[in-house]
Peer 1: 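Following this message is one structure expressed as structure tokens.
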Amino acid sequence: MSCPDCFKGALLPGEPKGTINKDGSYLAAYPEGNLDRTVVLLTDIFGLPVKNCKLMADEFSQSLGCDVWVPDMFAGIPPVSLSQVTLPDQPGTKKTFWDRVKFIFTMLKCLPWFWRSRPAVAQQRVDDFITKIKAEQGYKKVGAVGYCYGGTIAFRLAANRPKVLDAMVIAHPGPISLDYLKAISVPSSWACAEEDDSFPKEKRLKVEAILEQRKDSKDPVPYEFKDYNGTVHGFATRPNLTIPEVKAGYEGAFNQAVEWFKRYL
């Protein structure tokens, strides 16, 4: 459900300016209003308690000129807290035996909460959330940007029938099934780390090859992949901004998402 790489990173500077709703979701509302589109930001395994996702939603709202929502994928109880495990921020740092042991014990301790918000369950929560905000707000198009575990959920939603999303951006996703690629029906943009145990280069190349093959099929979909040197899993949402390569990767992935949504949403 998750991976050792998910448990690392740093807090972004600043404080969120949006609002927490009764259902636990966060809304970064665009002051001038825009019903043409909205973006749903799907968090990593740490969920809404970590302020990064809210700060990013605020910035996306301003950059895209629309409302940005962060749904509570974990029904109030994220499986893991950010303080439980700390791992390196750059490629090439070897995980020790005790790092692995600590990760296993953390997973075992948190297993009931992982099961409570396993991908199928989290996907349904987000699907229901999108249906609700479209009905209540009247948005014409919905895009999703997903990070880590949220990338897994965005990937699954992109294969939904009937269609739930109109465009998606995925940054260093958690586990994904290649079978879903055949059903993806929306433009997808992928921000990839240099080193990522959860989405290694071999799998990333397989995903790209499958999407490339669809170019000549009856149902091609636009896609792009961008690689960020000097980064590891988590760089696009929990970056250590004191490291130049990581800072550049974080900013690059953010701008990648903005440009993709401007183009396809």
Side-chain angles (χ1 to χ4, degrees), residues 1-6 39-42 44-45 90-92 95 118-120 122-123 126-127 141-237 245-246 248-265:
M1 289 184 181
S2 189
C3 63
D5 286 334
C6 290
V39 169
V40 175
L41 189 156
L42 305 179
D44 55 24
I45 203 69
Q90 292 178 288
K95 300 177 183 70
R118 59 195 181 277
Q123 176 186 349
V126 177
D127 195 335
K141 291 185 177 182
V142 177
V145 55
Y147 300 90
C148 310
Y149 193 81
T152 299
I153 304 306
F155 179 77
R156 293 169 63 102
L157 287 169
N160 266 21
R161 295 290 190 279
K163 187 170 70 172
V164 175
L165 303 176
D166 296 283
M168 74 166 174
V169 177
I170 294 178
H172 42 75
I176 62 174
S177 170
L178 296 180
D179 293 337
Y180 279 84
L181 283 172
K182 300 176 183 179
I184 283 180
S185 60
V186 302
S188 63
S189 178
W190 304 68
C192 305
E194 177 181 334
E195 185 177 285
D196 189 343
D197 287 347
S198 182
F199 193 58
K201 186 175 181 180
E202 296 78 14
K203 189 162 191 178
R204 171 240 194 273
L205 292 175
K206 287 181 181 179
V207 171
E208 187 171 7
I210 292 171
L211 290 173
E212 177 69 21
Q213 291 172 1
R214 288 186 59 182
K215 277 187 173 181
D216 299 323
S217 68
K218 295 180 181 179
D219 61 341
V221 290
Y223 71 90
E224 69 173 5
F225 285 81
K226 292 189 178 183
D227 300 297
Y228 294 92
N229 293 331
T231 64
V232 293
H233 186 97
F235 78 93
T237 186
E245 295 88 349
V246 177
Y250 166 74
E251 292 171 350
F254 183 90
N255 291 330
Q256 175 183 340
V258 170
E259 293 306 314
W260 193 255
F261 287 137
K262 285 182 176 179
R263 184 177 180 184
Y264 289 106
L265 194 61

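Throughout, numbering of the chain's residues begins at 1 and tracks the sequence. Computation of the quantities below employed the complete heavy-atom set of this structure, encompassing side-chain atoms and omitting hydrogens, waters and symmetry-equivalent molecules. None of these values were measured; they are calculated from a predicted model.
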Peer 1: Side chains of Pro173 and Ser198, heavy atoms from C-beta outward: is any pair under 4.5 Å?
Peer 2: no

Peer 1: Donor-acceptor pair, Arg214 side chain versus Ile184 backbone, under 3.5 Å?
Peer 2: yes

Peer 1: Measure the spacing between CG of Asn229 and SG of Cys192 and express it to the nearest 0.5 Å.
Peer 2: 11.5 Å

Peer 1: With Ala171, which residues qualify under side chain to side chain contact (heavy atoms under 4.5 Å, CB included), at least two apart?
Peer 2: Tyr147, Ala191, Ala236

Peer 1: Can you name the closest pair of heavy atoms from Ser177 and Phe155 and give their distance?
Peer 2: O-CE2, 3.2 Å

Peer 1: Could you tell me if the side chain of Leu211 sits less than 4.5 Å from the side chain of Ser188, heavy atoms only?
Peer 2: yes

Peer 1: For Leu178, what residues pass the side chain to side chain contact (heavy atoms under 4.5 Å, CB included) criterion, not counting sequence neighbours?
Peer 2: Leu181, Lys203, Lys206, Val207, Ile210

Peer 1: Who are the ring-ring contact (aromatic ring centres under 6.0 Å, His included) partners of Phe199, not counting sequence neighbours?
Peer 2: Trp190

Peer 1: Which atom pairs, donor and acceptor, lie under 3.5 Å between side-chain atoms of residues 220-228 and protein residues at least two apart or in another chain?
Peer 2:
from, atom 1, to, atom 2, distance (Å)
Tyr223, OH, Glu212, OE1, 2.3
Glu224, OE2, Ser189, OG, 2.6
Asp227, OD1, Arg204, NE, 3.0
Asp227, OD1, Arg204, NH2, 3.4
Asp227, OD2, Arg204, NH2, 2.8
Tyr228, OH, Gly252, O, 3.1
Tyr228, OH, Gln256, OE1, 2.7

Peer 1: Can you check whether Pro162's main-chain N or O pairs, donor with acceptor, with Asn160's side chain at less than 3.5 Å?
Peer 2: no

Peer 1: To check you understand the geometry: which heavy-atom pair defines the closest contact between Gly230 and Glu194, and what is its length?
Peer 2: N-OE1, 2.5 Å

Peer 1: When you measure from the side chain of Thr231 to the backbone N and O of Gly249, does any donor-acceptor pair fall under 3.5 Å?
Peer 2: no

Peer 1: Give me the atom names and distance for the closest heavy-atom approach of His233 to His172.
Peer 2: CE1-O, 3.1 Å

Peer 1: Return yes if some donor-acceptor pair links the side-chain N/O of Asn255 with the main-chain N/O of Glu251 below 3.5 Å, else return no.
Peer 2: yes

Peer 1: Test Val145 against Trp260 for side chain to side chain contact (heavy atoms under 4.5 Å, CB included), laying out the working first.
Peer 2: CA-CA 10 Å; Val145 55; Trp260 193 255; over 6 Å; no

Peer 1: Which pairs, with at least one residue in residues 164-180 and sequence neighbours excluded, count as a salt bridge (Lys or Arg N to Asp or Glu O under 4.0 Å)?
Peer 2: Lys163-Asp166

Peer 1: Taking all atoms of both residues into account, what is the closest heavy-atom pair of Val232 and Ala193, and its distance?
Peer 2: C-CB, 3.5 Å

Peer 1: So, using side chain to side chain contact (heavy atoms under 4.5 Å, CB included) as the criterion, who are the partners of Glu245 when residues are at least two apart?
Peer 2: Gln90, Ile243

Peer 1: Hey, could you give me the CG/OH distance between Leu157 and Tyr180, rounded to the nearest 0.5 Å?
Peer 2: 10.0 Å

Peer 1: List the atom of Phe261, the atom of Val169, and the distance in Å for their closest heavy-atom pair.
Peer 2: CZ-CG2, 3.7 Å

Peer 1: If I take atom NZ from residue Lys182 and atom CD from residue Gln213, how far apart are they, to the nearest 0.5 angstrom?
Peer 2: 9.5 Å

Peer 1: How close do Ala158 and Met168 get, counting heavy atoms only, and between which atoms?
Peer 2: CB-SD, 3.5 Å

Peer 1: Nearest 0.5 Å, what's the CD1-CG distance between Ile170 and Leu42?
Peer 2: 9.5 Å

Peer 1: Does Ile176 offer a backbone N or O that forms a donor-acceptor pair with the side chain of Thr152 under 3.5 Å?
Peer 2: no

